[in-house]
K.L.:
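Quick one: structure below, then a few questions.
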Amino acid sequence: MSESSEDDDDSEESDSSEEEKEKISEEKHTEEQQQQQVLKEETKPKEADMKEEKKAETWTKEDCKPAVFIPVERLPEIQEARLRLPVLAEEQIIMEAVKDHECVVLCGETGSGKTTQVPQFLYEAGFASSGGIIGVTEPRRVAAISMSHRVATEMNLSSGVVSYQIRYEGNVTENTKIKVMTDGVLLKEIQRDFLLQKYSVIIIDEAHERSVYTDILIGLLSRIVPLRNKKGLPMKLIIMSATLRVEDFTENKRLFSSPPPVIKVEARQFAVTVHFNKRTPMDDYTGETFRKICKIHRMLPPGGILVFLTGQAEVHSVCRRLRKAFPYKPNREHTDMMETEEDLKKSKRAKKKNVSLPRINLDNYSALPVDEGDEDRQAGIDEDDGEGSDLELELGDHPDTDHEEKADPSIPLYVLPLYSLLAPEQQAKVFRPPPAGSRLCVVATNVAETSLTIPGIKYVVDCGRVKKRFYDRVTGVSSFKVTWISQASANQRAGRAGRTEPGHCYRLYSSAVFGDFSLFSEAEITRRPVEDLVLQMKDLNIEKVVNFPFPTPPSSEALIAAEELLISLGALEKPARHGRLSEMEKARLSCPISPLGRAMAAFPVAPRYAKMLALGRQQGCMQYIITIVSAMTVREIFEDYDRPAGSEEENVKMSGKKARSVQMRRLWAGQGASLLLGDLMVLLGAVGACEFAGLTPQFCEENGLRFKAMLEIRRLRGQLTNAVNAVCADADVYVDNKMAPPTEAQVLCLRQIVLAGLGDHIARRVQAEELLDPKWRNAYKTPLLDDPVFIHPSSALHKTLPEFVVYQEIMETTKMYMRGVCAVQDDWIPKLLPQYCHFSAPEESPAPRFCPLIGRVKCHQQSTFFRVSWKLPAIEMDYPEGLERYKLFAKFFLEGQVCPKIQKFSSCLLSSPSTMLKTWAKLQPRTEVLLTALVSEKADNRTSLEAAWRKNEKYLLSAYCQWIPESLHEEVSKIWPPIGQADPR
DNA sequence: CTCTCCCT
């Protein structure tokens, strides 16, 4: 294909994947035309629609102005507000660019109005009027829902026309013209219809956030859009970004061979003055945060404070210190001063200033300290006085030396924590105005950077750090680390101070340190395992995932790890084990999807869990597996009672709740057989009990469950149940709110299914001889890690310590802890995970046997687990392929075990059937004749033997006759082929 | 014995 000419090296691969897509698109082409016709035939009674028809015809003309105008009847006040948005001035430029290009990149910071207005421009230009609709993707569910509501309101249209779709719900109708959805939803739609024929334009919003689905969508759309246009089904792509970092899209030749135009839109934001610290506290940044907030509150004019910290624990500890320092219940006496002196250090000077606080003109302020960049060098010499007229706002960053022992209720501060796992009703408090006379102070994690916008914020305090999850690419172990944020992130945080009026951002680090921050955060896709993405792409018939036009590709280790896991799970066909080395190398990263993989790709969960679902039908286990997978997929189903409490009484309350929660988990885990399902039994029990009780907030509260998590599990169970029924018509599974606990047999089955899905997450208790080193006490060994891993103390199996376990994940904190642990049996491992086992030669005893039920030769084989060489018990399995199997099959055939009809001749054989196995067998021609005959038809089992007979009824007759006296030949011929039951005689 | 944040 001509587009791929620039990368000569892999033009071959590109061609084939292009062809794949061509193929897909051609298949869909006729369907699409039919759909178009259907759409056109639909009755269009509305006046607006008549205009649409007319305009649509003129659309193709080469006018420089949009030829189409679909009227929208906006309310006057809305129209007025709209006209103030900077993006409105750019409508013409934007629409002309869209007209002239397949893809347009639009950059505009928050406040430009691009998200709400661009869909309206497109609507007015007729993009939803000729059969196609306008699709908009958002990285978050809340954003998708609120965006659709807002655009509907602005356009004075119903939610049936401007609609949304998220994972579990939506209000899309057949009249929908603008559809706002989460990015994952659109990706799933591509699985159903590669050409996205419903849409005439797709807007990818918040592309700068670089969420994995956004990145994949852009990669896919870079191919889909030209394909659509080539087929005469016009389609446009608009990528919207809040930052100017768009080179990954525009300069990426694999994505767009000619760079799409970039249009910049001004943002109307209020000025935010940024204040850097002179010194950067490296350890006690929470203390510095606390002191900075105290100063702002004492010295600066009214206005909400938003504080960025890194985690729940920090948030609560700072909240607690602030509440002590500025109690917002004025009457309450605070005599229990448990805080350290440092916590309550206050500046006398600051206090004096507070008394005579001037109204400062905040708009009129320098953006940066004059000596920007020199702070660190001057640190130690510089003191925070002597800053002249800027003093009032330049709060300084040295801990004050003066002590203040008493809490100050005269200036109440309304302190609220905010983080993602916080209960929604607690979260909602930040959106309400603070009590009269008090100042709002929200102490938040990164949720407040993008997901939630808090009104009335004038001051931002930014600790400059973020907590991120890290994955070890080799071992898969994850850990959380606090790192510096990027400059883009720091600016985003600062911007939160200027939403309603000019504001100030206090950065608890120097501008030199800021200068060392990376410009932008890394794309998420480079920071996490990609097996789920690879499976989805394989399902789209993109076999050579390395050639996919990622805006930023994942590391090749990550891609290889993903491919290997998917092969182990059976989702991809095994690569060739023979042939030239270069071909094997090539095959390694381009394995096609298997039928199992197709089924797995239909389940919207991680591949390991999808495998469990694919196996879940046995012994009525499906509803349990669906529940377990749902609970494992939804994070943090238990309430956390270990965080620092706000007060002593709260502490007591929390420890009571914790005790109750621990007790309930023990109850749900059960005893005996069910306990061995471990933490997964706890999940199953918790969900079962909660649903049985009707999923009320009260039940969750009383039993230490997160209500929001339980709701999500309920919805996920519903979705997975539908998916299972869709993939497998006779699965016949439904969501049972009164689900009975699994029987003992079912628990055994569940553990095996879990083992099959988590085969690469297996661990074994260390052996006695290794216990000499105390660091291995109670430890487990895994195939990939040299260091010991442990069962997490919160696990149901923490004290049981089974010999073999599988785990959901390993999280490294003080030690490496396995979470989501389930006990497994050693004899299941070779049976269920043969791909990870090295099998030794068949055992002599018990001797190989013929299994009449399945018609194959079986034997016992020992094995060891890969990399760690754990000795596993011998289990019976298919005799390994090879000549020996033919010989054994021949022996069992002669004995009459394979075909009971010839059993009666076994006593008259001219040689013993065991002659087949002797080293000197060749001395007897009849052994060679029989063996050659079997090999020629690959008949080393009953099924292929019968197949050979269907081709040729006389097959094997003469070879067999050599084993029996001539007198019987005629009788034998009569019953040949000896298929079916023996004569009852 | 402790966990940033999101999406199918």
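Side-chain atoms are counted along with the backbone in the values below, which use heavy atoms only and exclude waters and symmetry mates.
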K.L.:
Take the protein atom OH of A:Tyr168 and the nucleotide atom C1' of B:dC6, then report the distance between them rounded to whole Å.
P.N.:
13 Å
K.L.:
Could you tell me whether the phosphate oxygens of B:dC6, OP1 or OP2, come under 4.0 Å of any side-chain nitrogen or oxygen in A:Ser420?
P.N.:
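The answer is yes; a side-chain N or O of A:Ser420 sits under 4.0 Å from OP1 or OP2.
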K.L.:
Using a 4.0 Å heavy-atom cut-off across all strands, classify A:Gln536 as base, sugar-phosphate, or nothing.
P.N.:
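Here A:Gln536 touches the bases of the nucleic acid.
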K.L.:
Check every strand shown and say whether A:Ser794 touches a base, only sugar-phosphate, or nothing at a heavy-atom separation below 4.0 Å.
P.N.:
nothing
K.L.:
Please state how far atom CZ in A:Phe470 lies from atom C1' in B:dC5, giving the value in whole angstrom units.
P.N.:
13 Å
K.L.:
Would you mind reading off the distance between A:Glu524 atom CD and B:dC7 atom P, rounded to a whole angstrom?
P.N.:
11 Å
K.L.:
Which nucleotide sits closest to the side chain of A:Val185: B:dT8, B:dT4, B:dC6?
P.N.:
B:dT8
K.L.:
Please pick, from B:dC6, B:dT4, B:dT8, the nucleotide with the shortest atom-to-atom distance to any side-chain atom of A:Lys467.
P.N.:
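From the listed options, B:dT4 comes nearest.
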K.L.:
Is the ring pair A:Trp484/A:Tyr509 parallel, tilted or perpendicular, if the boundaries are 30 and 60 degrees?
P.N.:
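Aromatic pair A:Trp484/A:Tyr509 classed perpendicular.
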K.L.:
I'd like to know if A:Lys179 pairs up with A:Glu189 as an ion pair, taking the criterion as any Lys NZ or Arg NE/NH1/NH2 lying under 4.0 Å from an Asp or Glu carboxylate oxygen.
P.N.:
yes
K.L.:
With the side chain of A:Arg140 defined as its heavy atoms from C-beta on, choose the nearest nucleotide among B:dT4, B:dC7, B:dT8.
P.N.:
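Within the option list, the nearest is B:dC7.
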K.L.:
B:dC7 P sits how many Å from A:Gln719 CD, rounded?
P.N.:
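Rounded to whole Å, this separation is 13 Å.
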K.L.:
Hey, does A:Glu636 reach any base, or is it just sugar-phosphate, or nothing, if we go heavy atoms under 4.0 Å?
P.N.:
base
K.L.:
Specify the separation, in whole Å, of atom CZ of A:Arg527 and atom C1' of B:dT4.
P.N.:
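That distance rounds to 10 Å.
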K.L.:
Return no unless some side-chain N or O of A:Arg141 is found under 4.0 Å from OP1 or OP2 of B:dT8.
P.N.:
yes
K.L.:
Between B:dC7, B:dT4, B:dC5, which one does the side chain of A:Tyr213 approach most closely?
P.N.:
B:dC7
K.L.:
For residues 631-641 of chain A, dump all side-chain donor-acceptor pairs below 3.5 Å to protein atoms at least two apart in sequence or in another chain.
P.N.:
unit_1, atom_1, unit_2, atom_2, d
A:Thr633, OG1, A:Val629, O, 2.8
A:Arg635, NH2, A:Ser420, OG, 2.9
A:Asp640, OD1, A:Asp642, N, 3.0

K.L.:
Across the strands shown, which category fits A:Lys481 at heavy-atom distances under 4.0 angstrom: base, sugar-phosphate, nothing?
P.N.:
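Since no nucleic acid heavy atom lies under 4.0 Å of A:Lys481, the category is nothing.
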K.L.:
What integer distance in Å separates A:Gln492:CD from B:dC5:C1'?
P.N.:
14 Å
K.L.:
Quickly work out the A:Arg635 CZ to B:dC7 C1' distance and round it to whole Å.
P.N.:
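Those two atoms, CZ and C1', are 12 Å apart.
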K.L.:
Which residues pass the salt bridge (charged side-chain N to carboxylate O under 4.0 Å, His left out) test with A:Arg140, not counting sequence neighbours?
P.N.:
A:Glu209
K.L.:
Check the orientation of A:Tyr807 and A:His761. Use parallel for under 30°, tilted for 30 to 60°, and perpendicular for over 60°.
P.N.:
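Parallel, since the angle between the ring planes stays under 30°.
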K.L.:
Can you tell me the distance, in whole Å, between the CD atom of A:Glu522 and the P atom of B:dC6?
P.N.:
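To the nearest whole Å, that distance equals 19 Å.
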K.L.:
Taking any heavy-atom pair under 4.0 Å as a contact, classify A:Phe603: base, sugar-phosphate, or nothing.
P.N.:
nothing
K.L.:
Less than 4.0 angstrom between a side-chain N/O of A:Thr182 and OP1 or OP2 of B:dC6, yes or no?
P.N.:
no
K.L.:
Both A:Thr633 and A:Val466 contact DNA chain B. Taking the nearest nucleotide for each, which residue is further toward the 5' end?
P.N.:
A:Val466
K.L.:
Okay, side chain of A:Asp205, backbone of A:Glu138: is any donor-acceptor separation there less than 3.5 Å?
P.N.:
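Pair absent, no side-chain N/O of A:Asp205 close to backbone of A:Glu138.
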K.L.:
Does A:Thr214 have a side-chain nitrogen or oxygen under 4.0 Å from the phosphate oxygens OP1 or OP2 of B:dC7?
P.N.:
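So the side chain of A:Thr214 is outside the cut-off, no N or O lying under 4.0 Å from OP1 or OP2 of B:dC7.
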